[in-house]
Structure formats: C-alpha cells, structure tokens
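Each remark here refers to the structure printed beneath this line.
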Amino acid sequence: MLTTHPYDDDKLREECGVFGIFGHSGAAALVALGLHALQHRGQEAAGIVTCDHEHFHNHRGLGHVEDNFGNEAVIRRLKGANAVGHVRYSTTGETLLRNVQPLFAEMEFGGLALGHNGNLTNAMAIRRQLVRRGCLFQSTTDTEVIIHLIAISLYSTVEDRLIDALRQIEGAYSLVALTKNSVIGVRDPLGIRPLVLGKIDGAWCLASESCALDIIGAEFVRDVEPGEILVLSAEGLRSIKPFAVKPRRFCIFEYIYFARPDSVCEGHSVYEVRKRIGAELARESHVAADVVVPVPDSGVPAALGYAYEAGIPFELGIIRNHYVGRTFIQPTDNTRHTGVKMKHNANRTMLAGKRVVLVDDSIVRGTTSRKIVEMVRQAGATEVHMRISSPPTTFSCYFGIDTPERDKLLAARYDLDGMAKLIGVDSLAFVSLDGLYRAVGEAKRDAKVPQFCDACFTGDYPVIPTDYVEGTDSKQLSLLTEEPA
Ligand code: SF4
C-alpha cells in the first residue's frame, strides 16, 4: 500500500517561504541557497524568477529546492542580478505546477513576478468580483488576486499600483516582487508572517527568516516593519509606509514550531524562546521524573529548557531518522505504527524502567502523540508524562498555516483529562498562555490588545476571516486547489 505523508499529518504546517535579492551577479544561486535554508517552510514546490534588466527567466517545479535547483545548468539559465524565489507547501489535492510561485505576469509597465507567504482572508470575495469583471485566472492561489489588482489599478507607477492592491486585501502576507528595475518586499500591516532584510557584497536581500541570510553569508540588517514596503533598486533602498500603524500581531507559533531554531524573529532568538517555554512548563507543571525526553526535532529546545529548570537529566530517548522520504511502501496493510517508527524510534536504554517527561511542541489531532507514547511505554518506561510547549490548539488558522478543521483538533474536542486518556499518558500539561508570553519577553498577554497573533489558541483573530464560511472547507484560500471561482 502506498501511503503519503503518514508521519507528518499530525503537525501544523507552515505553507511558504520567500527570498529576494537585488544587484548581485550570483543572484539565482544565492536565492536557491536561501530557499534551501527555508525548505522547512514548504517542501512541495519551489521556484525562482530572475531578471537581467531586459528579460525575465524562470524555473519552477514540484519537489524540493535541491531537486529543482541542484543542477548548474538550471542556475546558469536564470540570468540576471535580480531574483525572487519561493518554496511552497499545499494541503489538499494536486500540487499543480500553475500554482507554483513566484507567479509571473506581463503588465502594462512590464513583467512582474510575485512570491507570497501567508494567506489572504478575503481572496475569494475579491476573486469573485474580479472574475465578474472579466479577469482570467491562471492559478487557484490567493496570490494571483494581488497580481490582478495590480494589473487593473489606474495608478501609473508599480509602487502605487501595488499599494492600491494592498489596500484592498486583508490577511497575512509577506511578499517579494520582482520588476524590471527592482525587487520589492512587503509585510502586512500586522506583521503576521516574518520577513527580514539582509545585505551581501553590497546587495540588499529579503528572506522569510534570518537562517536564509546565514547560509549565503549575508549580514542580518533588520526585520521588515509591519506595513512596510521596501524597494530595492539601483537607487538603493527605499522604505514606504503607506498604511495606518496598527499594533503588531506577529504569529506566536513561529516561535513555538514554524521558524528554524537558528533564526532570529522580531529580535528574539527562536532557540532561546523555545528553551524559555520549556522552563516555564517545568515551573508550571513540575512532575517527579527520571528523564526529560524530547520528541525530536521540534521538541528539543523546549525539553532542554525543561530539564535544566527541573534539574532532571535530558536524554535522547527517541531517535529520529532524518532520511525519511515523502512516500513509502508499507509491507502489509496491518503493519501497525510503521509510519511513526520510520521517523522515530525508541532508544530503549534511555527509557526502560524510567519515569519519563516527554516534551513536544504541540498536539494537533493527537494521532502521532498516541503512537509515540505507546512506543515509549513498549520500551519499558514506567510512567509517561507529556508536556507541550504550546497552549492547546483549539482553533484553525486562516493566515497561511495548514490546520485541520476545528472538529479535528484534539483540544477542541476533549478537556485535559480526556486528552490524557486518549493519548495514554499518566499526566498531560500545556504551557499557559501567559507562560508563553513570558517566554517571548512580555509580562503577560494583554487581553485588550494582544501583542501577538495567538488565534489558534484563543480564537481571537486579528483579522476577520471574511471568506470563511462555517461548516465549509473554504478557509485557506491560498490553497484553493481545484475550487472553481
Ligand atoms: S492563528 Fe496561530 S498559527 Fe495562525 S498566524 Fe495566528 S498564531 Fe500563527
């Protein structure tokens, strides 16, 4: 039996990463490297568009960055000193090549390539209006809505058209755009998704995370501000802030799980934040135990923080296989737990006869947690206490993260005892919302004006999800797949 994504379907998934550079002779190769460092933000497709001031060149394909850009001939064909790139993950249906970004369109002012991380919450509504006006959509992504809004804008300059388009859209977006003479970076007014500015050999570059700057040896300059448009061109760097300033609402889940631990987001080291969440957990829900064991890899920093704070030895009681492909053949239909064991295996010597604190970053459906707990018990653990470095995930995300419908989220269906029973642990605890906020440097969550987006824990959405209709699947419009207009 062929099974796809058997072990990863129980995690929330970041859907995209972007990278852009202006004025570097090795632009395509640098973007490919940057995208490689952002691979965790999307593994199903990758694309790069370059411009040599005259012509645009593009290569987009399904699969990993290395599959598409590991070939020197491909990089050589991507001529020009200016480039943007994108990695993408899609949830359902086929990952169609026409949905792979950066999207490209010929406009009145010349070519435009656009890569988007995030999700527009009113894309379906705008798309319907645009289709009524005769716009012909080539893809099923929300990003194309922005392209059409730019195309029909009555303003003359690219920047003014872009601003005109952005005024009409709602939701989360970190964008990189490429025109004949510039690379443009944009972050939505709430700054929900990350975007950082870097510099290498005198050339400006943009990336979803700072780890993508590190890989090319670029200097981290700063985060792009929420609501800021950065124009990188031969004239240098220009910042435009056309929107009313709003309180920032950066996605707090970037710290918990999405971002790479070696990235710095909004001034905080992701690794340090994760360790501090672990320490908060240890203070909030201490339990007598012999070892603290992370569910690798994402649970490692929080488990370290927990172990240090609780004074309990940290051990790698579960070993992760890093060479798991995206599909596999199960020997028989009833081979139990093959999926989870392909990725994680119990390290028996560290678990037998021990009281174990198991640390993971989140529980989504709970299916993987249950299998991991069973595996740890089979390895001889006498007690299993699960500690989760996020509050219970009880709401869906509409801002570019793939979450199941609410009724599939374990924490939306069961209370703490019910969840503990279901996944088979002796005790279960999640970090509190205030504990999480303390870990990111706040005294507590400001209930009136929350300092972050935390809607998947609270239901307090910073933007009304206009397109979402209760009881339907129309929640993530960047992932329209084959939905008609
Ligand atoms: S709902 Fe959750 S995952 Fe989505 S942007 Fe907000 S904090 Fe991040």
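Both ligands and their constituent atoms are indexed starting at 1 by order of listing.
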Item to check | Distance-only polar pair, side chains of Arg274 and Ser389, donor-acceptor under 3.5 Å | outcome: no
Item to check | Environment of atom 6 (Fe) of ligand 1 in terms of protein N/O/S atoms, cut-off under 2.8 Å | outcome: Cys453 SG
Checklist entry - Any chance the side chains of Arg260 and Ser210 put a donor and an acceptor closer than 3.5 Å? => result no
Next on the checklist: Using the ring-ring contact (aromatic ring centres under 6.0 Å, His included) criterion, which residues pair with His385? Sequence neighbours excluded.
Outcome noted: none
Checklist entry - Is any side-chain heavy atom of Leu114 less than 4.5 Å from a side-chain heavy atom of Pro102? => result no
Next on the checklist: If we only consider heavy atoms of Arg193, is any one of them less than 4.0 Å away from an atom in ligand 1?
Outcome noted: yes
Checklist entry - Can Ser174 and Asn117 be counted as having a side-chain donor-acceptor contact under 3.5 angstrom? => result no
Checklist outcome for this item: Note: Ser298 and Asp361 closest approach over all heavy atoms is OG-OD2, 2.5 Å
